[in-house]
2 protein chains.
Amino acid sequence: MPAIRRADEKLRDVSRRMILDRTASLLVRQGYGTTSLRDIAQACDMKAGSLYYHFESKDALVEEILTEGVNRVESAVQKALDAMFDAAPLDRVRVAMEVHLRTLHDRSDYASAHIRCFSHVPDDMRRRLRRTRRSYDAVWAGLLEAAQAAGDIAADVDLLTLRFAIIGMLNWTLEWRLPSGAGPEEMADRFYRIAFQGACNA
Amino acid sequence: MPAIRRADEKLRDVSRRMILDRTASLLVRQGYGTTSLRDIAQACDMKAGSLYYHFESKDALVEEILTEGVNRVESAVQKALDAMFDAAPLDRVRVAMEVHLRTLHDRSDYASAHIRCFSHVPDDMRRRLRRTRRSYDAVWAGLLEAAQAAGDIAADVDLLTLRFAIIGMLNWTLEWRLPSGAGPEEMADRFYRIAFQGACNA
DNA sequence: GAAAAATTATAACAGTCGTTAGATAGAAAA
DNA sequence: TTTTCTATCTAACGACTGTTATAATTTTTC
């Protein structure tokens with residue numbers, strides 16, 4: 001189907017990836033229940049039945065996307081943190097915010113699809129996704145605990161609430177269009193400034 | 001249908017309100033596309049066709065719920081602000097956060113349904129909902145401008161970003177279960193402390 | 001009580017849903 | 001070329017969708 005293709009990658013993998021990509025985009029815009037297999041097939045220049053050569057069901061296709069959504073964010077953040085393992089705790093938090101936000105707004109829609117569709121997906125799928133999330137949650141819990149242990153975060157700040165606040169700020173950006181001129185990194189820095197130094201005059 | 005009913009309220013209005021309430025609850029849990037009229041009817045101990053006596057279409061029913069969702073939050077916040085019109089700008093912000101969060105987590109699901117379903121609703125409905133949102137956005141813009149004009153918010157803090165951050169923190173609480181023991185008001189206070197004084201040691 | 005009005009149920013419509021089995025085309029291997 | 005495997009299409013299945021016209025029922029009015 002694609003005109004140009006590296007010799008070492010199978011058509012199978014290319015089509016599979018295309019289906020995943022375009023389905024993710026549809027999921028972001030239309031949601032889980034409103035996106036039909038025929039919608040997906042049309043976006044891939046295919047027929048609905050052909051999708052079953054690559055995926056055993058609609059839910060299997062969706063679940064793979066949403067799972068990859070979390071995993072992409074987690075591995076991007078983890079990679080950035082590993083490259084600065086000896087930095088100051090709060091710097092690590094700031095970088096994690098930047099990478100999280102950048103991954104959310106990059107060209108692919110996997111992470112956005114996860115955020116947009118998570119709560120409306122069938123119960124058993126959501127249960128499995130929740131397990132996948134937990135690993136990423138632990139990354140953040142560790143980051144904030146380290147910063148508080150180092151005395152950089154005030155002792156009376158509840159870390160769970162702080163984590164809610166940070167992730168909420170970042171993920172909620174999907175609901176707005178970011179101010180033109182301010183990329184994800186710039187926005188993340190502004191959020192960092194608000195959450196850690198506060199919006200008030202010091 | 002309901003066993004007990006005040007003498008001065010019409011059966012029509014009671015049924016209509018019940019349909020709205022229960023549909024809102026379904027929308028929160030299942031989303032727009034996955035909630036069928038037969039689901040709704042069953043939740044109301046009715047048949048799907050009977051819903052058309054009260055609403056001219058599924059979308060009309062949904063739109064009324066989502067619109068009321070914003071309006072409830074706005075009027076609750078506005079009412080609280082009117083009762084403290086001469087308070088310090090930041091106190092007004094803190095109270096707005098509390099009322100917003102409390103309305104989001106009260107027994108009715110209108111505001112939650114709006115937040116959960118907004119992005120997956122048909123395009124024309126979403127356009128109209130966006131107009132409704134604008135009025136509430138203006139309330140927040142005014143609140144923050146006043147606080148910055150009074151010198152309570154640092155001059156170099158971008159107010160649009162701050163608004164994103166605050167609304168994002170508050171609305172994202174729908175995706176977690178709030179820490180047991182901390183009600184909406186307590187959580188709002190913690191968020192206020194984070195956003196305005198910062199999580200760092202001063 | 002009967003008559004009128006308001007509210008819900010019934011049953012079907014055309015269309016779409018996820019899914020499947022089998023046919024078909026294309027590329028790779030022989 | 002012939003054969004074999006890969007990838008997609010076709011056409012249909014039963015179930016479900018929003019919606020409608022009409023009938024039945026309940027509630028209110030007299």
Side-chain angles (χ1 to χ4, degrees), chain A residues 1-23 26-27 29-66 117 120-125, chain B residues 1-23 26-27 29-66 117 120-125:
Chain A
M1 164 56 53
I4 303 174
R5 164 162 50 106
R6 286 206 335 266
D8 63 331
E9 58 181 354
K10 307 282 185 290
L11 171 56
R12 176 171 194 143
D13 299 332
V14 175
S15 297
R16 206 183 135 85
R17 181 51 58 187
M18 176 192 63
I19 295 171
L20 288 165
D21 284 345
R22 305 198 176 171
T23 303
L26 284 176
L27 285 176
R29 291 171 359 230
Q30 310 188 15
Y32 170 76
T34 327
T35 300
S36 73
L37 284 180
R38 287 169 177 83
D39 288 341
I40 295 173
Q42 187 176 5
C44 299
D45 296 306
M46 292 178 63
K47 301 295 176 177
S50 310
L51 297 170
Y52 283 82
Y53 179 77
H54 299 279
F55 302 91
E56 71 172 349
S57 70
K58 175 188 180 182
D59 282 355
L61 165 56
V62 170
E63 181 162 352
E64 183 163 336
I65 291 169
L66 302 199
C117 298
H120 296 149
V121 115
D123 283 349
D124 53 327
M125 191 193 303
Chain B
M1 162 58 49
I4 304 175
R5 164 161 50 109
R6 287 206 334 265
D8 63 332
E9 58 182 351
K10 307 279 187 291
L11 171 56
R12 175 171 197 144
D13 298 333
V14 175
S15 298
R16 206 182 135 86
R17 181 51 59 189
M18 176 193 63
I19 295 171
L20 288 166
D21 284 343
R22 306 198 174 172
T23 303
L26 285 176
L27 286 176
R29 294 176 352 235
Q30 312 189 12
Y32 170 76
T34 328
T35 301
S36 72
L37 283 180
R38 285 169 179 84
D39 288 340
I40 295 172
Q42 187 176 4
C44 299
D45 297 305
M46 293 178 64
K47 302 294 177 177
S50 308
L51 297 170
Y52 283 82
Y53 179 77
H54 299 279
F55 302 93
E56 71 171 348
S57 70
K58 175 187 179 184
D59 282 356
L61 164 57
V62 171
E63 182 161 352
E64 182 163 337
I65 291 170
L66 303 199
C117 298
H120 297 148
V121 115
D123 283 349
D124 53 326
M125 192 194 302

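In what follows, every chain begins at residue 1, and chains take the letters A, B, ... in the order their sequences are listed.
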Margin query: In this structure, how many angstroms lie between the C1' atom of C:dT19 and the NE2 atom of A:His54, rounded?
Written below: 16 Å
Check: Nearest of C:dT10, C:dT19, D:dT8 to any side-chain atom of A:Tyr52?
Finding: C:dT19
Notebook entry, point to check: From D:dT19, C:dT7, C:dT19, pick the nucleotide closest to the side chain of B:Ser15?
Noted result: C:dT7
Item checked: Length of the line joining B:Ile19:CD1 and C:dA9:C1', which is rounded to integer Å -> 14 Å
Margin query: Can you tell me which nucleotide in C:dC17, D:dT19, C:dA9 comes closest to the side chain of B:Ala48?
Written below: D:dT19
Notebook entry, point to check: From B:Ser50 OG over to B:Ile19 CD1, what is the distance, rounded to the nearest 0.5 angstrom?
Noted result: 8.5 Å
Next item on the list: To the nearest Å, give me how far apart CG (A:Leu61) and C1' (C:dT19) are.
Entry: 14 Å
Notebook entry, point to check: Nearest nucleotide by nearest heavy atom, which residue falls closer to the 5' end of DNA chain D, A:Tyr53 or A:Arg38?
Noted result: A:Tyr53
Next item on the list: For B:Lys47 and D:dA23, give me the distance from atom NZ to atom C1', rounded to whole Å.
Entry: 16 Å
Next item on the list: Given side chain to side chain contact (heavy atoms under 4.5 Å, CB included), test A:His120 with B:Tyr32 step by step and report yes or no.
Entry: CA-CA 9 Å; A:His120 296 149; B:Tyr32 170 76; over 6 Å; no
Margin query: Determine whether a donor-acceptor pair (N or O, by modelled atom type, separation under 3.5 Å) exists between the side chain of B:Asp21 and the backbone of B:Met18.
Written below: no
Check: How long is the line joining CE of A:Met18 and C1' of D:dT8, in whole Å?
Finding: 11 Å
Check: Could you state the CG-P distance from B:Leu51 to C:dA9, rounded to the nearest angstrom?
Finding: 9 Å
Check: So what does A:Thr35 touch, heavy atoms closer than 4.0 Å: a base, only the sugar-phosphate, or nothing?
Finding: sugar-phosphate
Note to self: Between B:Ser50 and C:dT7, is there a contact of a side-chain N or O with OP1 or OP2 at under 4.0 Å?
What the structure shows: no
Checklist line | Under 4.0 angstrom between B:Ser36 side-chain N/O and D:dC16 OP1 or OP2 | finding: no
Margin query: Just the rounded figure in Å: distance from P of D:dT8 to CZ of A:Phe55.
Written below: 11 Å
Check: Hey, what do you get for CG (A:Leu37) to NZ (A:Lys47), rounding to the nearest 0.5 Å?
Finding: 14.0 Å
Note to self: With rounding to the nearest 0.5 angstrom, report the OG1 to NZ distance, A:Thr35 to A:Lys58.
What the structure shows: 6.5 Å
Notebook entry, point to check: With sugar-phosphate meaning primed atoms plus P, OP1 and OP2, does B:Lys58 contact a base, only sugar-phosphate, or nothing at under 4.0 Å between heavy atoms?
Noted result: sugar-phosphate
Next item on the list: Report the distance from atom CE of A:Met46 to atom C1' of C:dG26, rounded to the nearest whole Å.
Entry: 14 Å
